[in-house]
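Contents: one structure, followed by commentary.
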Amino acid sequence: MQAGWAVLQGTRDTGNSRRGPTSNHTDSMTQQLDRLGDWQRSHDCGTLTDHQLGDEVTLMGWVATRRDHGGVIFVDLRDRYGITQVVFNPQHSATAHEKADALRSEFVIAVHGVVEQRPEGMRNPRLVTGAIEVNCDDLRILNASEAIPFQLDDQTEVGEETRLRYRYLDLRRTSMQQNLITRHRAYQATRGYLDREQFLEVETPFLIRSTPEGARDYLVPSRVNRGRFFALPQSPQTYKQLLMMAGFDRYFQIVKCFRDEDLRADRQPEFTQIDIEMSFVAEQDIMQMAESLTRHICAEVCELSLPEPFPRMTYAEAMNRFGSDKPDTRFGLELKGAEPAGRASDYKIFQSVLDSGGQVKGINAKGCSDLPRSRIDALIAFAQEHGAKGLSWIKHTDKGLEASIAKFFPDEAQQLLISCLESEPGDLLLLVADSPEMVAKVLGALRLELARQLELVAADTWHPLWVTEFPLLERDDEANRFVAKHHPFTSPMEEDVPLMESDPGAVRARAYDLVLNGNEVAGGSIRIFQQQMQEQVFRLLAIDEQEARAKFGFLLDALTYGAPPHGGIAFGFDRLVALLAGQSNIREVIAFPKTNKAVGLMEEAPGGVDEMQMRELGIRLR
RNA sequence: GGGAUCGUAGUUCAGCUGGUUAGAACGCCGGCCUGUCACGCCGGAGGUCGCGAGUUCGAGUCUCGUCGGUCCCGCCA
């Protein structure tokens, strides 16, 4: 036995191989490892306190750290629940102490011992179990571990590439365990709430028919039906509507969705939705339900109390005041119209934009008149990255308005500018002149960037907001036609139906988004449930009858057999959990996420396939 | 498809206007240590400077290309 442990110590790799363990010391040690035998875990590593003093316990877990004092060895034993200090004292058990000499980080062990009070002054107030320690009399080494490629403490920030390559190690870190626990609690809060509210959880297919509307589909070739393909669902949209037509009244599902689009910090190729649909309802019913659900989740998971009811804002107001359809209302910096000042100025750029139907709007960066030129230049560059031709700026000092463009603003125009932007000495005015869409886009982004730079968002503030009355349609300039902004089954607002022929772009939808701290966490709509209306909308979208039949024939048929009025909403579950976990990146709340290039670094997915598989599927690369 | 940024020891980073043998901390390995908990002390090992070209007497450093990570624009009904 003893010789065996010596082998183990001597062969532990120093330099780590990059792609996992190549040394075979683990193999050579297998015979020296202990069996679990009849040992049973009596407690976890996060529960022992003064109350168990004197108890004999058996703990199992990972060696978080080993502190060898020559005479006495301390091991911090870690599991999902916490950390307990184990003491190996030669006077208590010479064998256990001798054996503990071989322990290294991340070895998996079982210890048997007695819960003892720590000596006076040796307590660790930072551990729940810090008042006690387990005096070990018997140790079983269940598994060894190579030296791990990065430390598991939360002290040093390890690069994400390394973390993702060894995700199973990364997930051992306390912060990641907390994130997944938060996620779990959000699942349970959701299921509990919706179950109590009479919602039925129903699964819908993952292998579905591809429809070229919307995002790119992930495709799955069918072997049995050679040359045909399934798509993975971008959402269970049509199925949940069919469940309403089937009379299920209240449906929900916590479900994976798939979109083959480029990734972002808040976008993964596969992501999770809380998908909900209800029959015999209008906007108010769904919004009220979604609001209660959100309040319930936030209360259960984070003990937050959100306002009741959530504030509401129309899409038009959101775009006008915040330049965004998901405004972060935790700070000011609202967009202000500056057209009168632009008209009164001699500034050619503003004049020509206004003459061609554009807008001049601005943000008043309060108290920023002393911002150095370099920072302003960076803001200009930022605006240009977002598509602006330029960003005009004017400092409001004690002496009045100062800037290179101030000379184009006669006194009257200056006064108008000051009143339009509610400016005071000490402020910095940032102005954009462009099409209304571009003005909103640029100033909306600039507003967020300024708030970030100026640290205007106080920690632990939660601003939920409903955005309503979205446009039904959106102009697709490339295809020169209208496309659905939400999806083609969204019902138009009744009072706007007459506009469908005359001014389709002005028709508002019975759609709503739930925004939390500037993040879209849910979105939904009242659906079309009468066939004539669905056909009318398809016409607007330039989808002819043949195409509509081919793509959505089953849904159109279902509409003819007594479809109830219905509507629903879907939550971006990953985003919601990320917010609750205080993470700005949804990868932090997903166990095994993909990189920006939609690659799994650990399992190296996607990978190639055998020629045989391709042949069976009737697929050839070109 | 485009832009920005990063890539140096296992990890996190430093490495100046191009110039001797590429450094630090943590980790790892060995030794010592009976009350630590970021243990301590002594010693040691560990590098394809992402990869490939180019400029140069000389490249971690400059140029071009390429691969990969991250953030953003486009895209995401």
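Letters A, B, ... mirror the listed sequences (proteins, then strands); counts begin at 1. Excluded from the calculations below are hydrogen atoms, water molecules and symmetry mates; all remaining heavy atoms, backbone and side chain alike, are included.
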Closer than 4.0 Å, any side-chain N/O of [X] to the OP1 or OP2 of [N]?
X: A:N596; N: B:G69; answer: no
X: A:R163; N: B:G69; answer: no
X: A:R118; N: B:C37; answer: no
X: A:K441; N: B:G74; answer: yes
X: A:S105; N: B:C28; answer: yes
X: A:N585; N: B:C71; answer: yes
X: A:R67; N: B:C39; answer: yes

Inset, instruction - Check the side chains of A:Q273 and A:S235 for a donor-acceptor pair under 3.5 angstrom, ignoring hydrogens and angles. - result: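 No, no side-chain donor-acceptor pair sits under 3.5 Å.
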
Pick the [atom1] atom in [N] and in [M], then give their distance to the nearest Å.
N: B:U11; M: B:G27; atom1: P; value: 15 Å
N: B:G31; M: B:U12; atom1: P; value: 29 Å
N: B:U20; M: B:G52; atom1: C1'; value: 28 Å
N: B:C71; M: B:U8; atom1: C1'; value: 23 Å
N: B:A4; M: B:U63; atom1: P; value: 14 Å
N: B:C33; M: B:C16; atom1: C1'; value: 43 Å
N: B:A59; M: B:A14; atom1: P; value: 24 Å

Inset, instruction - Mark yes or no for a side-chain to base donor-acceptor pair under 3.5 Å between A:R66 and B:C37, with no hydrogen or angle criteria applied. - result: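 Such a pair does not exist between side chain and base.
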
Legend entry - Side chain A:R267 and base B:C76 donor-acceptor under 3.5 Å: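 Indeed, a donor on one side and an acceptor on the other fall under 3.5 Å apart.
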
Counting the atoms with a prime plus P, OP1 and OP2 as sugar-phosphate, which does [X] contact under 4.0 Å by heavy atoms, base, sugar-phosphate, or nothing?
X: A:Q268; answer: nothing
X: A:Q91; answer: base
X: A:N89; answer: base
X: A:S235; answer: base
X: A:E474; answer: nothing
X: A:K551; answer: nothing
X: A:R216; answer: sugar-phosphate
X: A:V158; answer: sugar-phosphate
X: A:R587; answer: sugar-phosphate
X: A:Q151; answer: base
X: A:D68; answer: base

Partner of [N] by Watson-Crick or G-U wobble geometry, both contacts under 3.5 Å, or none?
N: B:C49; answer: none
N: B:U56; answer: none
N: B:C33; answer: none
N: B:U61; answer: none
N: B:C26; answer: B:G10
N: B:U21; answer: none
N: B:U70; answer: B:A4

In whole angstrom, give the distance that lies between atom [atom1] of [X] and atom [atom2] of [N].
X: A:D76; N: B:G35; atom1: CG; atom2: C1'; result: 13 Å
X: A:E449; N: B:C71; atom1: CD; atom2: C1'; result: 11 Å
X: A:E157; N: B:U11; atom1: CD; atom2: C1'; result: 12 Å
X: A:R452; N: B:C71; atom1: CZ; atom2: C1'; result: 11 Å
X: A:E270; N: B:C76; atom1: CD; atom2: C1'; result: 16 Å
X: A:K485; N: B:C75; atom1: NZ; atom2: P; result: 11 Å
X: A:L263; N: B:C73; atom1: CG; atom2: P; result: 13 Å
X: A:D101; N: B:C33; atom1: CG; atom2: C1'; result: 13 Å

Inset, instruction - May I ask you to decide whether A:R452 forms a salt bridge with A:E449, counting only side-chain N to carboxylate O separations under 4.0 Å? - result: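 Salt bridge present between A:R452 and A:E449.
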
Inset, instruction - In plain terms, say whether A:R66 and A:D68 are close enough for a salt bridge, that is, a side-chain N and a carboxylate O under 4.0 Å apart. - result: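 Answer for the salt bridge query: yes.
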
Legend entry - From B:G74, B:C37, B:C71, nucleotide with atom closest to A:A265 side chain: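 For A:A265, the side-chain atoms sit closest to B:C71.
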
Inset, instruction - Give the nucleotide from the list B:C75, B:G35, B:C71 with an atom nearest to the side chain of A:P119. - result: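 For A:P119, the side-chain atoms sit closest to B:G35.
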
Distance (rounded to the nearest 0.5 Å) between [X] [atom1] and [Y] [atom2]:
X: A:R172; Y: A:Y166; atom1: CZ; atom2: OH; answer: 13.0 Å
X: A:E133; Y: A:L127; atom1: CD; atom2: CG; answer: 12.0 Å
X: A:D574; Y: A:N585; atom1: CG; atom2: CG; answer: 11.0 Å

Inset, instruction - Assign each of A:Q234 and A:R264 to its nearest nucleotide of RNA chain B by heavy atoms, then name whichever residue's nucleotide is nearer the 5' end. - result: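 Final value for this comparison: A:R264.
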
Inset, instruction - Please figure out whether A:G159 or A:A598 has its closest RNA chain B nucleotide nearer the 5' end. - result: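 Nearest-nucleotide comparison on RNA chain B picks A:G159.
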
Inset, instruction - Would you mind reporting whether A:S93 and A:L139 have side-chain heavy atoms less than 4.5 Å apart? - result: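 They are not in contact (no side-chain heavy atoms under 4.5 Å apart), so the answer is no.
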
Inset, instruction - Kindly state whether the pair A:F150 / B:U11 counts as stacked, where counting means centroids closer than 5.5 Å and planes tilted less than 30° apart. - result: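 A:F150 ring does not meet the centre or angle cut-off for B:U11; no stack.
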
Inset, instruction - Indicate whether A:H69 forms a stack on B:C39; treat it as stacked only if centroid distance is below 5.5 angstrom and interplanar angle below 30 degrees. - result: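 Base of B:C39: stacked against A:H69.
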
Inset, instruction - Classify the angle between the aromatic ring planes of A:F470 and A:Y315 as parallel (below 30°), tilted (30 to 60°) or perpendicular (above 60°). - result: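 Tilted: the ring planes of A:F470 and A:Y315 meet at 30° to 60°.
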
Could you go through nucleotides 65-68 of chain B and list every protein N or O atom that sits under 3.5 Å from one of its N or O atoms, giving the distance for each pair?
residue, atom, partner, partner atom, Å
B:G68, OP2, A:K597, NZ, 2.8
B:G68, O2', A:E161, OE2, 2.8

Legend entry - Cation-pi check, A:R475 onto A:F482 ring (under 6.0 Å, within 45° of axis):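 Geometry flag: set, cation within 6.0 Å and 45°.
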
Legend entry - Residue that, paired with A:D275, satisfies side-chain hydrogen bond (donor to acceptor under 3.5 Å, both in side chains) out of A:Q253, A:K240, A:Q237: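 Running side-chain hydrogen bond (donor to acceptor under 3.5 Å, both in side chains) over A:Q253, A:K240, A:Q237 with A:D275 returns exactly one hit, A:K240.
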
Legend entry - Partner of A:R527 by side-chain hydrogen bond (donor to acceptor under 3.5 Å, both in side chains), out of A:Q241, A:Q534, A:H566, A:E277: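 Single side-chain hydrogen bond (donor to acceptor under 3.5 Å, both in side chains) partner of A:R527 among A:Q241, A:Q534, A:H566, A:E277: A:E277.
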
Legend entry - Over all atoms of both residues, closest heavy-atom pair of A:R167 and A:D170: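 Heavy-atom minimum between the residues: NH1-OD2, 2.7 Å.
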
